[in-house]
Number of protein chains: 2
Amino acid sequence: MDVRTLCLGALTLGDATGYEIRKMFEEGVFSHFLEASYGSIYPALTRLTEEELVTCHSEQQEKRPDKKIYSVTDKGRAAFTEALLEPLAEDKFRSEFLFVMLFAHLLTPERIKALIDEKVEEHRQLSERLSGPAEIGTPAADFIKDFGAVVHKASVDYLEKNRHKVEAIAGASPPRASEPRAPEAPQDGNAARPASQSKSDHRNPKELARIR
Amino acid sequence: MDVRTLCLGALTLGDATGYEIRKMFEEGVFSHFLEASYGSIYPALTRLTEEELVTCHSEQQEKRPDKKIYSVTDKGRAAFTEALLEPLAEDKFRSEFLFVMLFAHLLTPERIKALIDEKVEEHRQLSERLSGPAEIGTPAADFIKDFGAVVHKASVDYLEKNRHKVEAIAGASPPRASEPRAPEAPQDGNAARPASQSKSDHRNPKELARIR
DNA sequence: CAAGACCTATATCGGTCCTATATATCCCCT
DNA sequence: AGGGGATATATAGGACCGATATAGGTCTTG
């Protein structure tokens, strides 16, 4: 599902300009589960117009750049309904925060506390905003909005109840993983353990030296 | 935080090949909050080697392509610790599922049920996997793992308790948004309502025709 | 026991998308 | 008066993903 399709769906909710579509992603209906930037929205709208899935009529304003208002065509509506039937990509969650927490032992307790405070606040605000009245009044919109509210609330709760666990290890001793090689040492498949052991042996001294 | 830095961090957990790093993202430690593909991992490792943040020693295997094992240098460790101090990007959640749910009125009840079943199962499996024993035994790793487990559990619970709300509206009447123009009609700032109203007037007939 | 599916392992191309920037005008606050 | 922010469109550069190529190995199943 590319930005082109996303824009088509956005216009299905009502006519809009590129600027307004961008706001739906930034702070509107889509903001808590989708992203799209001007860099992909404007080209997408151009292409959609070429393909006659949307139409564009300019509205000149006194002293501002012309406002280009886009509307879906019937062909566009059909194409969107089609797109809705294709298999969906998996939900994706990306968090640099969790990544950094993995390396808590490399940070000061202050830094860790600050990062968690920040993150709790982020989730709290999102949860609050999504608990408020719906921007769009459909049951479907409420459903997705409340989903966000619940998930962010769960995040806040987890962080508040468990933050002491990471805060305790700041600046402490190195990771202490049982296996130095990360993914469960797959190596040779059915080959005998001793063989793979000896293979990793001539790598061990280096590692031990580097662990400091 | 680019893939280059992510790889550096991965190697901080232990020496690894590009293939093994990829697995950390696909099914390993990072899998529930980060993604990275071969297309960015291999170039990243090349660049890291050029910059002397990691070293690479080839290990030739009898009948397979040479395994290139990467290790962080002291310079690399320092660079990574530095990178950890930079401001973090916000957490990001992307869900085509929620997007499609917004358009439940365009789908059959069967399709909606199937999609939710699928999504519940997805979250259930992730939650279960993350509730299991830790792949890496550090408190920090447990902290981030449990975070994932809790969030996915909350998702499952929400979907199961509220799915009837979306399932009820399948195939029903159009969206029925109070405002056709999506983002709360920002228009002219303090300009008088009547003006903006008249502006949208010559767009209304079209809209009414298209709503069908 | 053999064919096909899947795993190990590296690498690159094409296309999509984001970040940052440019341009231009207006309003609001200090 | 002047800076910051909103409105509004647009693009260049770079980061990244998805798909594909290569090549031999192992595991599964009929």
Side-chain angles (χ1 to χ4, degrees), chain A residues 1-7 16-27 34-49 56-70 87 89-90 92 94 96 181 183-192 196 199, chain B residues 1-7 16-28 34-49 56-70 87 89-90 92 94 96 181 183-192 195-196 199:
Chain A
M1 183 120 32
D2 53 20
V3 176
R4 212 175 111 267
T5 311
L6 263 24
C7 287
T17 66
Y19 184 77
E20 286 167 339
I21 291 177
R22 160 70 206 188
K23 285 210 299 187
M24 295 190 215
F25 288 97
E26 203 196 336
E27 48 185 28
L34 284 179
E35 295 211 346
S37 68
Y38 288 129
S40 27
I41 291 172
Y42 283 117
L45 290 172
T46 305
R47 244 192 86 189
L48 286 169
T49 308
C56 167
H57 84 104
S58 285
E59 190 163 299
Q60 68 212 51
Q61 309 188 97
E62 301 77 50
K63 306 263 189 161
R64 286 162 186 269
D66 278 11
K67 203 187 247 183
K68 292 181 169 185
I69 298 165
Y70 293 89
E90 272 202 358
K92 240 183 256 182
R94 183 187 163 97
E96 296 190 356
R181 292 289 296 285
E184 201 72 276
Q187 261 115 352
D188 261 73
N190 79 338
S196 59
K199 266 189 185 176
Chain B
M1 182 123 31
D2 53 20
V3 176
R4 213 174 109 267
T5 310
L6 263 23
C7 287
T17 66
Y19 183 76
E20 286 166 339
I21 291 177
R22 160 72 205 183
K23 285 209 301 187
M24 295 190 215
F25 288 97
E26 203 196 336
E27 48 186 26
L34 284 179
E35 295 213 345
S37 68
Y38 289 130
S40 27
I41 291 172
Y42 283 118
L45 290 172
T46 305
R47 245 192 87 189
L48 286 170
T49 309
C56 167
H57 84 102
S58 286
E59 189 163 301
Q60 67 212 51
Q61 309 188 99
E62 302 77 48
K63 305 262 186 159
R64 286 163 184 268
D66 279 9
K67 202 186 249 182
K68 291 181 169 185
I69 298 164
Y70 293 88
E90 272 202 358
K92 241 182 256 182
R94 182 189 163 96
E96 298 191 356
R181 291 289 298 286
E184 201 71 277
Q187 259 114 353
D188 261 71
N190 78 337
S196 57
K199 267 187 186 177

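Each chain gets a letter, A, B and so on, in the order the sequences are listed, and its residues count up from 1.
For the side chain to side chain contact (heavy atoms under 4.5 Å, CB included) test, residues two or more places apart in sequence or in another chain that qualify with B:Ser40 are B:Val3, B:Ser37. Residues meeting the ring pair (Phe, Tyr, Trp, His ring centres under 6.0 Å) test with A:Tyr19, sequence neighbours left out: none. Legend: residues meeting side-chain hydrogen bond (donor to acceptor under 3.5 Å, both in side chains) with A:Arg22, ordered by chain and number and at least two apart, are absent. Listed by chain and number, the residues in a salt bridge (Lys or Arg N to Asp or Glu O under 4.0 Å) with A:Arg94 are A:Glu96 (sequence neighbours excluded).
A:Tyr19 has a side-chain polar atom (N or O) that falls below the 4.0 Å cut-off from OP1 or OP2 of D:dT7. Regarding contacts with the backbone of D:dA8, every side-chain N or O of A:Lys23 stays at 4.0 angstrom or more from both OP1 and OP2.
Between the CE atom of B:Met24 and the C1' atom of C:dT8 there is a distance of 15 Å, given to the nearest Å. B:Glu20 has its CD atom 13 Å from the C1' atom of C:dC7, to the nearest Å. Atom C1' of nucleotide D:dC17 and atom CD of B:Glu96 are separated by 14 Å, given to the nearest angstrom. The nearest whole Å value for the distance from the CG atom in B:Leu45 to the C1' atom in D:dA15 is 16 Å. Counting to the nearest Å, the P atom of D:dC16 and the CG atom of B:Leu34 are 12 Å from each other. Computed from coordinates, the A:Arg47 CZ to D:dA10 C1' distance equals 18 Å when rounded to whole Å. Following rounding to the nearest Å, A:Tyr42 (OH) and D:dT9 (P) show an atom-to-atom distance of 4 Å. Rounded to whole angstrom, the span from the CG atom of A:Leu6 across to the C1' atom of C:dT16 amounts to 13 Å.
Between B:Ile21 and B:Ala16, the shortest heavy-atom contact is CG1-CB, 4.0 Å.
More than 12 heavy atoms of other residues, nucleotides or ligands sit less than 6.0 Å from atom CD of B:Glu26.
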CA sep, side-chain torsions, deciding dist, call: B:His57, B:Ile69, side-chain contact (heavy atoms from CB on, under 4.5 Å): CA-CA 6 Å; B:His57 84 102; B:Ile69 298 164; 4.0 Å; yes

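Looking only at side-chain heavy atoms (C-beta outward), B:Leu48 and B:Cys7 come within less than 4.5 Å of each other. Under the 4.5 Å side-chain criterion, counting only non-hydrogen atoms from C-beta, B:Phe25 is in contact with B:Leu6.
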Please write out the pairs of protein N or O atoms and N or O atoms of nucleotides 17-20 of chain C separated by less than 3.5 Å, giving the distance to one decimal.
residue	atom	partner	partner atom	Å
C:dC17	OP1	A:Val3	N	3.1
C:dC18	OP1	A:Glu35	O	3.3
C:dC18	OP2	A:Ser37	N	3.1
C:dC18	OP2	A:Ser37	OG	3.2
C:dC18	OP2	A:Ser40	OG	2.3

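Closest approach to the A:Thr17 side chain among D:dT9, C:dT10, D:dT11 is made by D:dT9 (side chain taken as heavy atoms from C-beta onward).
Listed by first residue number, the stems of DNA chain D with at least three Watson-Crick or G-U pairs below 3.5 Å are C:1-30 with D:1-30.
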